[in-house]
**Student:** 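Below is the structure I would like to discuss, written out as structure tokens.
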Amino acid sequence: MNPLYETLPTSIFAHMSGLAAEHGAVNLGQGFPDFGWPQDVVESAAQALLNGSNQYAPMTGLPALREAVADHYRQYQGLVVENGDVIVTSGATEALASAIMALVSEGDEVVLFQPLYDAYVPLVRRAGGVPKFVRLTPPDWRITEGALAEAFSERTRLVIFNNPQNPAARVFGEDELRIIADACVRSDVIALSDEVWEHLVFDGRRHVPLASLPGMAERTVKVGSAGKIFSMTGWKIGWIVAPQALALPISKAHQYLTFATAPNLQSAVAYGLGKDTDYFETMRSDFARARDVFLRGLEEAGYAALPVEGTYFVCVDLAASGIGVDDVTFCERAVRECGVAAIPVSAFYDENKVRSVIRLCFAKQPETIEKGLEGLRRAKALMGA
Ligand code: PMP
Ligand code: GLN
């Protein structure tokens, strides 16, 4: 067996969802909504299943979806994307895997920001890359020029960046984006920009794609996911958008990972991306409302929540909430003894872990949120000072 996988634990999302099912707990751990998917997009997929092709899609994706992705980013983010710059993948996860396989060689250094999405580091290591971490800390999780400069060397090949950020729920400011862009341009480094949460930004914020910064269009691989945009995480339709020089080698990696992905779901996503602006705005305001209900409940229960600028996650600082146990202990007991599953944020660090913050998913209907809050009140009574 490859030694990397011999020692790798099961993903925290599978672990916590397994425990939630086993103990009948409300699952505020793994990020998935329990409302909000557009019925017309589901119907479009059903029609495509019955009446469309059920054979292999083209390797780089259905032309209709590649065109829809390009149009969508032109309309919402002002990006100039040619259809040929889009490769459809089996979720953002496969997009990340293909990009890392194609862009990282043995000994290349890859700069990553902790906390980080759990797939990045194993993929980088499997490709022979050497992770170099920039550590972000609560409550502000800010990126500074000094910290980035320390992580860069002449061996840096790739920066993996996630904005809006899971789990910190941050939408990085243009000043922070500029720090990354300047470092990439100065050192001739490629950026893999995971922007799956691009439509989930709150309070009037606007998503700024990294590729739109000066000098970045030619060196950015942008990753998106229909799972997030349409609240259907099970669909696993994602994509990369990159200039030809980068898209071509990435398509070579993709062709031997999955080759292609379900044509019916692709055609429904192509339809969905063309929906009225209203859909995207309503989705955002529905999630913002769920966030506000949850934040109010957390505050009433005596929990200290960190700001939520984007994504459908909220981080809670246990120490500031008067809870003395670490994040893993809290989550393990909360799911077994209090009926609520959360994610320990230390799982998003490879080293130098922050151990007093948990992540909760608020993309839930009011009844689910209320049940989750009941569990959290029990957990506070059990583990609070
Ligand atoms: N990147 C980030 C930052 C994510 O949060 C997720 C899923 N939550 C993914 C990638 C994976 O997306 P997909 O389900 O489309 O593979
Ligand atoms: N991305 C989702 C989250 O952050 C989970 C994805 C998964 O389960 N692999 O919760």
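Computed from heavy atoms alone, side chains included, the values below leave out hydrogens, waters and symmetry copies. Numbering of ligands and ligand atoms starts at 1, following listing order. Note that the coordinates shown come from a computational prediction; the quantities given were computed from them, not determined experimentally.
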**Student:** Mind checking whether T93 contacts ligand 1 via backbone (N, CA, C, O), side chain (CB onward), both or neither, at a 4.0 Å heavy-atom cut-off?
**Tutor:** both
**Student:** Who's closest to atom 3 (C) of ligand 2 heavy-atom-wise, of K228, M16, R359, Q30?
**Tutor:** R359
**Student:** Taking N or O atoms only and a 3.5 Å limit, does T233 qualify as a polar contact for ligand 1?
**Tutor:** no
**Student:** Report the part of K236 in contact with ligand 1, treating N, CA, C, O as backbone and CB onward as side chain, heavy atoms under 4.0 Å; options are side chain, backbone, both, neither.
**Tutor:** side chain
**Student:** For ligand 2, indicate whether the residue N166 contacts it via side chain, backbone, both or neither (heavy-atom separation under 4.0 Å).
**Tutor:** side chain
**Student:** Of all the atoms in ligand 1, which lie at a distance below 4.0 Å from a heavy atom belonging to K228?
**Tutor:** 6 (C), 7 (C), 8 (N)
**Student:** Can you sort out which atoms of ligand 1 are near V196, meaning under 4.0 Å from one of its heavy atoms?
**Tutor:** 1 (N), 2 (C), 3 (C), 4 (C)
**Student:** Should you measure from each heavy atom of G91, which atoms of ligand 1 turn up under 4.0 Å away?
**Tutor:** 15 (O), 16 (O)
**Student:** Can you confirm, on distance only, whether ligand 1 has an N/O atom lying under 3.5 Å from any N/O atom belonging to Y120?
**Tutor:** no
**Student:** Are D292 and R289 close enough for a salt bridge, meaning some N to O gap below 4.0 Å?
**Tutor:** no
**Student:** I'd like to know if D350 pairs up with R125 as an ion pair, taking the criterion as any Lys NZ or Arg NE/NH1/NH2 lying under 4.0 Å from an Asp or Glu carboxylate oxygen.
**Tutor:** yes
**Student:** Which atoms of ligand 1 sit under 4.0 Å from any heavy atom of W197?
**Tutor:** 3 (C), 4 (C), 5 (O), 8 (N)
**Student:** To which protein heavy atom is atom 9 (N) of ligand 2 closest, and what is the distance rounded to 0.1 Å?
**Tutor:** Y117 OH, 3.6 Å
**Student:** For G31, counting its heavy atoms only, list the atoms of ligand 2 lying under 4.0 Å from any of them.
**Tutor:** 3 (C), 10 (O)
**Student:** Below 4.0 Å from ligand 1: does a non-hydrogen atom of E94 turn up there or not?
**Tutor:** no
**Student:** List the closest protein heavy-atom neighbour of atom 6 (C) of ligand 1: residue, atom name, distance to the nearest 0.1 Å.
**Tutor:** Y117 CZ, 3.5 Å
**Student:** Passes ring-ring contact (aromatic ring centres under 6.0 Å, His included), H207 versus Y76? Steps please.
**Tutor:** CA-CA 9 Å; H207 175 71; Y76 288 93; over 10 Å; no
**Student:** Can a side-chain donor-acceptor contact be found between D317 and S356 if the only test is distance below 3.5 angstrom?
**Tutor:** yes
**Student:** Just to check, does F32 reach to within less than 4.0 Å of ligand 2 when the distance is taken from its heavy atoms?
**Tutor:** no
**Student:** Looking at R170 and E176, is there a salt bridge between them, counting it only when a charged N and a carboxylate O are closer than 4.0 Å?
**Tutor:** yes
**Student:** Short N/O distance, under 3.5 Å, between N162 and ligand 1?
**Tutor:** no
**Student:** A quick test of your reading: do over 12 heavy atoms of other residues, nucleotides or ligands sit less than 6.0 Å from NZ of K371?
**Tutor:** no
**Student:** Counting the benzene-type ring for Trp, do W141 and F172 have ring centres under 6.0 Å apart?
**Tutor:** no
**Student:** Need the ligand 2 atom indices (1-based, order shown) with element for anything under 4.0 Å from a heavy-atom of F313.
**Tutor:** 3 (C), 4 (O), 10 (O)
**Student:** Among all the protein's non-hydrogen atoms, which is closest to atom 12 (O) of ligand 1, and how far away is it?
**Tutor:** A92 CB, 3.4 Å
**Student:** Geometry only, no angles: is S90 polar-contacting ligand 1 at N/O separations under 3.5 Å?
**Tutor:** no
**Student:** To check your reading of the model: name the closest protein heavy atom to atom 7 (C) of ligand 2, its residue, and the distance in Å.
**Tutor:** F13 CD1, 3.6 Å
**Student:** Classify the angle between the aromatic ring planes of F280 and H199 as parallel (below 30°), tilted (30 to 60°) or perpendicular (above 60°).
**Tutor:** parallel
**Student:** Does E370 come within less than 4.0 Å of R377, counting only side-chain N to carboxylate O?
**Tutor:** yes
**Student:** Taking the basic N atoms (NZ, or NE/NH1/NH2) and the acidic carboxylate oxygens, is any pair closer than 4.0 Å for R206 and E174?
**Tutor:** yes
**Student:** Any donor-acceptor pair under 3.5 Å linking the side chain of E195 with the backbone of P209?
**Tutor:** no
**Student:** Distance under 4.0 Å to a non-hydrogen atom of N166: what atoms of ligand 1 satisfy this?
**Tutor:** 4 (C), 5 (O)
**Student:** Any carboxylate oxygen within less than 4.0 angstrom of a Lys/Arg side-chain nitrogen, looking at D203 and R205?
**Tutor:** yes
**Student:** So, are R157 and E109 salt-bridged, with charged N and O less than 4.0 Å apart?
**Tutor:** no
**Student:** Looking at atom 2 (C) of ligand 1, what's its closest protein heavy atom, distance included?
**Tutor:** D194 OD2, 3.4 Å
